[in-house]
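Below you'll find the structure, written out as structure tokens, and then a few comments.
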Amino acid sequence: MANMKAAIPKGTRDFNPKQMGRRNYIFDTLKKVFKKYGYQEIQTPTMENLDTLTGKYGDEGDQLIFKVLNSGDYLAKVGTALADLKSQALSPKIAEKALRYDLTVPFARYVVMHQNEISLPFKRFQIQPVWRADRPQRGRYREFYQCDVDVVGSASLLNEAEFICIYDEALSNLGLTDFSIKINNRKILTGISDVLGKPESIIDLTVAIDKLDKIGFDGVQTELLSKGFNTSDIEQLKPIILLSGNNASKLESLKLILATSPTGLQGINEIYTVLNYLTNFTLQNAKVELDLSLARGLNYYTGCIFEVKTHQATMGSIGGGGRYDNLTEMFGQAGLTGVGISFGADRIYDVLDELNLFSASAEQSTQVLICVLGQYEETYSLSVLNHLRKQNIAAELYPFGTKIKKQMQYANDKNIPYAIIVGNEEMKTGKLTFKNMLTGQQQMMSAIEIEKHLLTQS
RNA sequence: GCGGUCGUAGCUCAGCUGGUUAGAGCACUGGUUUGUGGUGCCGGGGGUCGUGGGUUCGAGCCCCAUCGUCCGCCCCA
């Protein structure tokens, strides 16, 4: 084969041992919290049938789905003359599978397929990569991990409240101290468009006001005017989305504004209920804010909507979620409501990295390296090595034949905190040289003493 | 899908208005008193200047194309 350049696809990344240590630290921290709240792990295939995914994320979303070319003579099945087909019409004919775009839709499919074996409410978490054919940017990759926690089969708003607790606990455990959990409700957004008398334009309306903090009210106004809203609509809208004050006072004002919209009032009620549930729990760092301009995941969310933003770094949202009432209906099982949240692990990684919040312990694997001067020393040391491992101490022995200098360098490069040196003298006395790589200090200790010392360290 | 930016050693970059053998720091590697890393000192290897065309006596530098990067828009974790 001709020489080819070693490369990986755009928007994907390799992870080295140091990065994997840190990534696993994030996953482990999240998992621990998820389990604590009663969630169980599942996984779904990398590929789904293309028609499982299409139509769930809107037109823009559909275009970002990575499709998998059929095997074999895929053109044979096309049937029509190729030249007559547009790409969009061609792709479902030559690609029947696609890489998953998120974890929520595959989860809905899972629930329907396995409905007879799960008992409701079903609480699951799932940590797997997803793929989007998006243009890469800061904090945006084509392959990235989502960490989803969802519950289906429970309409209780206690779930929503608990998700806020999960966000707070997980992100706090990771060392973040300043972040907001924004909450809104799709029904409130519906109420607003009802009051304006433009229920059919809810998507345009919400997409525009979602950009409020980015482009300001003037920007939103410009966008709305271009979407067919008139100035009196905007005058009416202005006091609503610019509502300020604490959550309670916002809700009070909103109640008056949306008085004529039953749906809107219901949305307000749901927020009330969630906030009320929350008073029974203590949050460590999260600020819970009602944000009427929050409009995520409109293609399937029907109730509460969440989004998490850190104030410690410039980064898009590091998590989001909401309630969806109809997702399983698309797969033939109606009447099942679900609610869930997602953590963007790769973005969280970038934030923790930027803030220097990874501790060294997330990275080191081996705790002690045994360095030997020759073959006899190696043989002598194997029982020491064996004992250390039996005590659950991560230990390795550098096979003989390499200079001590090189072995120490290995320990240093690998961030191994302790080294044991075994030579003639050590074998004679049974006292091994035990070196702390951090301080550089070393002393002679028996294997037993070293073991004890290492056990008290961890 | 649209707009901009950049592309020189493994990494971060320098290279003046085009002019002989393309440089630095870090990394790597060897040595530096006996069996000792991270700090010091001395030496060494490594680049067809993203790729393909073109202009020119001559191109890392100019032009075109192409691929890739990073950033913004759309959208989103």
*Pick base, sugar-phosphate or nothing for A:K211, based on heavy-atom distances below 4.0 Å to the nucleic acid.*
sugar-phosphate
*So what does A:G319 hit on the nucleic acid, given a heavy-atom distance under 4.0 Å: a base, only sugar-phosphate, or nothing?*
sugar-phosphate
*Determine, for A:D102 against A:R132, whether the closest basic-nitrogen to carboxylate-oxygen distance falls under 4.0 angstrom.*
no
*What is the nucleic acid contact for A:Y410, judged by heavy atoms within less than 4.0 Å: base, sugar-phosphate only, or nothing?*
nothing
*Measuring from A:L382:CG to A:H387:NE2, what's the distance to the nearest 0.5 Å?*
12.5 Å
*Identify whether any heavy atom of A:G61 sits under 4.0 Å from a base atom; if not, whether one sits that close to sugar-phosphate; answer base, sugar-phosphate or nothing.*
nothing
*Does A:K435 make a side-chain donor-acceptor contact with the base of B:U36, cut-off 3.5 Å?*
yes
_Touch class at under 4.0 angstrom, heavy-atom based, for A:L64 against every strand present_ = nothing
*At under 4.0 Å between heavy atoms, what does A:S342 touch on the DNA or RNA strands: base, sugar-phosphate, or nothing?*
nothing
*Can you find a heavy atom in the side chain of A:E396 that is under 4.5 Å from one in the side chain of A:I370?*
no
*Is any NZ, NE, NH1 or NH2 atom of the basic residue among A:K287 and A:D178 found under 4.0 Å from an Asp or Glu carboxylate oxygen of the other?*
yes
*Base, sugar-phosphate, or nothing for A:Q409, non-hydrogen atoms under 4.0 angstrom?*
sugar-phosphate
*On a plain distance test, is the side chain of A:K405 in donor-acceptor contact with the base of B:U32 below 3.5 Å?*
yes
*Answer with yes or no whether A:N412 presents, from its side chain, a donor or acceptor under 3.5 Å of a partner atom in the base of B:G38.*
no
*Answer with base, sugar-phosphate or nothing: what part of the nucleic acid does A:G58 contact at a heavy-atom distance below 4.0 Å?*
nothing
_Nearest-nucleotide 5' precedence on RNA chain B, A:R135 against A:Q407_ = A:R135
*Results of salt bridge (charged side-chain N to carboxylate O under 4.0 Å, His left out) for A:K403 - residues two or more places apart only*: none
*Quote, to the nearest angstrom, the C1' distance that separates B:G4 from B:G30.*
47 Å
*Side chain of A:I421 only, please: which of B:G37, B:C73, B:G35 is the nearest?*
B:G35
*On a plain distance test, is the side chain of A:E426 in donor-acceptor contact with the base of B:G35 below 3.5 Å?*
yes
*Whole-Å P distance, B:C57 and B:A9*: 30 Å
_Distance, C1' atom - from B:U8 to B:C13, rounded to whole angstrom_ = 9 Å
*Across the strands shown, which category fits A:Q63 at heavy-atom distances under 4.0 angstrom: base, sugar-phosphate, nothing?*
nothing
*Kindly state whether the pair A:F343 / B:A77 counts as stacked, where counting means centroids closer than 5.5 Å and planes tilted less than 30° apart.*
no
_Using a 4.0 Å heavy-atom cut-off, does A:I318 contact any base of the nucleic acid, only the sugar-phosphate backbone, or nothing at all?_
sugar-phosphate
